[in-house]
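I have placed the structure first, in the form of structure tokens, so that the comments after it can refer back to it.
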Amino acid sequence: MPVPATHVVSRYANELSPAEQRAYYEEEGYLVFPQLLDSAELGNLRTALADVLHDADGLTETNDRFSITRTDDGGFSVRRIFDPIARHAAFRDLVLNPKILDVVENLIGPNIQLHHTKLNLKPSSSREARFEWHQDYPFFPHTNFDLLAVMIYLDDATEENGCLTIIPGSHKWGPHNHLFAKDGAFSSQLEDKSVLDDPACWLKVPVPAGGMELHHCNLLHSSTANRGIRPRSAMVIQYRAADNVALGGNMSNAGFGLQVRGVNPYTVRMIGGSFKLPGKIDDPLQRDG
């Protein structure tokens, strides 16, 4: 397995031309914009989040709108909002934000569709509450790799509160088989962890509130628990090229297949190869959990 070069700091995408952004994404597999949204846009999203979370007051179990986790004091907290675009107009508007779509178009072309959205919250925890190392592609494989995740940060993401950790360049290794757990990417993990053997290749990616990180569907990434006292909330928007057709995974998410820019070409672009489809629960610890 090839090993990418050691990375110390990332180049911020706002310092690059569109052509340089595209070249950097193709080589490294990610881009970071420290400031994308203005204060009014960020405030609007924070207000929307508070409105949606009000509907979760008193919940002690996960349902079709919220994923619930235990807190250190024995209470309960929301760790994910499913389909936020179905919960508030501000989140629906965000997926159509031209500042986001201009960047995405530069990377995967002018015809863009939505795959799904989620809003991850990371409450403070002294327990090992983390997202295991994984790629996105194995959870919803498509006919090609023009599929990327955009993360819009509503809070500062820092090393203390569990910012994203990535392996730059790992998207070029292609998709890896994963062991799938009942709770999805919370506990699902790589089948072969030897690709993680060199921590010198790992890069922490802190992003200020209002900033954006985006990454390729095959980029290896994870995050640790929030060891601080500040929250870390981020909206995740998964976009795909319109000629990139889903082969597996959840296809009933709100907005699935929504044409957010350009047109539907009614053609499909396919790459060769075979790959394990999601659906089978592999992890015995999760099967009985």
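Bear in mind that the values here come from a model prediction, so they are computed numbers and not experimental data.
- What you find for G228 and S124 is that their closest heavy atoms are O-OG, 2.6 Å.
- More than 12 non-hydrogen atoms from other residues, nucleotides or ligands lie less than 6.0 angstrom from CD of E15.
- In the hydrophobic clustering of this structure, L247 does not group with Y239; members are Ile, Leu, Val, Met, Phe, Trp, Tyr whose side-chain heavy atoms approach within less than 4.5 Å, directly or through other members.
- Side chain of N161 to main chain of D156: a donor-acceptor pair is present (N/O by atom type, distance under 3.5 Å, no hydrogens or angles).
- Side chain of Q135 to main chain of G174: a donor-acceptor pair is present (N/O by atom type, distance under 3.5 Å, no hydrogens or angles).
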Please report the C-alpha distance between K172 and E26 in whole Å, then the side-chain angles of each, then the deciding distance to 0.1 Å, and finally whether the salt bridge (Lys or Arg N to Asp or Glu O under 4.0 Å) criterion is met.
CA-CA 9 Å; K172 293 186 287 187; E26 290 173 356; over 6 Å; no
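- Within the 3.5 Å criterion, the main-chain N or O of N144 finds a donor-acceptor partner in the side chain of N244.
- R232 and N226 make their closest contact through N-ND2, 4.3 Å (heavy atoms, listed as atom of the first residue, atom of the second, distance).
- S170 places no side-chain N or O within donor-acceptor distance of the main-chain N or O of L219, the cut-off being under 3.5 Å.
- The residues K99 and E41 are annotated as salt-bridged, a charged nitrogen and a carboxylate oxygen being separated by less than 4.0 angstrom.
- Note: W133 and W202 have tilted aromatic rings, judged against thresholds of 30 and 60 degrees for the angle between ring planes.
- Aromatic ring orientation, F140 versus H142: perpendicular (interplanar angle above 60°, classes split at 30° and 60°).
- When atom types are taken as modelled, the side chain of R92 and the backbone of I85 share a donor-acceptor pair closer than 3.5 angstrom.
- In this structure the side chain of V207 never reaches within 4.5 angstrom of the side chain of C163, judged on heavy atoms.
- A heavy-atom distance below 4.5 Å is not found between the side chains of Y153 and L37.
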Apply the test side chain to side chain donor-acceptor pair (under 3.5 Å) to residues S233 and D155: give CA-CA distance (whole Å), side-chain angles for both, the deciding distance (0.1 Å), then the verdict.
CA-CA 6 Å; S233 305; D155 302 303; 3.0 Å; yes
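- One N or O on the side chain of K122 and one on the backbone of T224 form a donor-acceptor pair closer than 3.5 Å.
- A chain of hydrophobic side-chain contacts below 4.5 Å, direct or via other Ile, Leu, Val, Met, Phe, Trp or Tyr residues, connects V103 to L96.
- Among residues at least two apart or in separate chains, ring-ring contact (aromatic ring centres under 6.0 Å, His included) pairs with a member in residues 250-275 are H115-F256, Y137-F275.
- Put simply, the side chain of E213 reaches to within 4.5 Å of the side chain of V32, judged on heavy atoms.
- When each of V78, I81, D55 is paired with R65, the side-chain contact (heavy atoms from CB on, under 4.5 Å) condition holds for D55 and for no other.
- Smallest separation of non-hydrogen atoms from T71 and S77: CG2-CB, 3.4 Å.
- Cluster membership check: V236 shares its hydrophobic cluster with L31, using side-chain heavy-atom separations under 4.5 Å among Ile, Leu, Val, Met, Phe, Trp and Tyr.
- Under the 4.5 Å side-chain heavy-atom criterion for ILVMFWY residues, no single connected hydrophobic cluster contains both M270 and F145.
- One N or O on the side chain of Q21 and one on the backbone of L16 form a donor-acceptor pair closer than 3.5 Å.
- I167 CD1 to L196 CG: the interatomic distance, rounded to the nearest 0.5 Å, is 5.0 Å.
- In M251, the CE atom is crowded: over 12 heavy atoms of neighbouring residues, nucleotides or ligands sit closer than 6.0 Å.
- Atoms CD and NE2, from E191 and H178 in turn, are 10.0 Å apart once rounded to the nearest 0.5 Å.
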Let me have the donor-acceptor pairs involving side chains of residues 43-51, under 3.5 Å, with sequence neighbours excluded, atom names and distances please.
{"residue": "R46", "atom": "NE", "partner": "L154", "partner atom": "O", "Å": "2.8"}
{"residue": "R46", "atom": "NH2", "partner": "L154", "partner atom": "O", "Å": "2.9"}
{"residue": "T47", "atom": "OG1", "partner": "G43", "partner atom": "O", "Å": "3.0"}

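- Of all non-hydrogen atoms in L42 and A209, the two that sit nearest each other are CD2-CB, 3.9 Å.
- With hydrogens and angles disregarded, no donor-acceptor distance shorter than 3.5 Å links the side chain of R87 to the backbone of L53.
- Put simply, SG on C217 and CZ on R240 are 12.5 Å apart, with the number rounded to the nearest 0.5 Å.
- Between H215 and H221, the ring planes lie tilted relative to each other; the angle falls in the 30° to 60° range.
- Under a 3.5 Å cut-off, the side chain of T143 and the backbone N or O of R269 do form a donor-acceptor pair.
- Contact of the S222 side chain with the E132 side chain is not registered, since no non-hydrogen atoms from C-beta on lie closer than 4.5 Å.
- L107 and R22 make their closest contact through CD2-CA, 3.8 Å (heavy atoms, listed as atom of the first residue, atom of the second, distance).
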Steps toward side-chain contact (heavy atoms from CB on, under 4.5 Å) verdict (F139, N250)
CA-CA 8 Å; F139 293 88; N250 190 348; over 6 Å; no
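- The shortest non-hydrogen separation linking L190 to K193 is O-NZ, 3.3 Å.
- In this structure, OG1 on T69 lies 11.5 Å from CG on L121, to the nearest 0.5 angstrom.
- A perpendicular orientation is assigned to the rings of Y30 and Y24, their planes being inclined by more than 60° (bins at 30° and 60°).
- Annotation: side chain of R261 is in contact with side chain of D102 (closest heavy-atom distance under 4.5 Å).
- Contact check for D83 versus D64: no side-chain heavy atoms found under the 4.5 Å cut-off.
- In this structure, the side chains of I152 and I100 come closer than 4.5 Å at one or more pairs of heavy atoms.
- The CD1 atom of I237 sits 7.5 Å away from atom CG of L114, with the distance rounded to the nearest 0.5 Å.
- Open room surrounds CD on Q35; 12 or fewer heavy atoms of other groups in view lie less than 6.0 Å from it.
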Evaluation steps, side-chain contact (heavy atoms from CB on, under 4.5 Å), between N253 and T117:
CA-CA 8 Å; N253 296 299; T117 61; over 6 Å; no
Under the criterion side-chain contact (heavy atoms from CB on, under 4.5 Å), I'd like the reasoning laid out for Y25 against L148: C-alpha separation, chi angles, the key distance, then a yes or no.
CA-CA 11 Å; Y25 174 79; L148 56 79; 3.7 Å; yes
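- At a threshold of 4.5 Å between non-hydrogen side-chain atoms, the residues N177 and D192 do not count as touching.
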Evaluate D243 against N111 for side-chain contact (heavy atoms from CB on, under 4.5 Å), listing each step before the verdict.
CA-CA 8 Å; D243 61 357; N111 301 320; over 6 Å; no
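- To the nearest 0.5 Å, the span separating CZ on R79 from OG1 on T62 amounts to 6.5 Å.
- A donor-acceptor pair is defined here as one N or O able to donate and one able to accept, closer than 3.5 Å; no such pair exists between the side chain of D146 and the backbone of A241.
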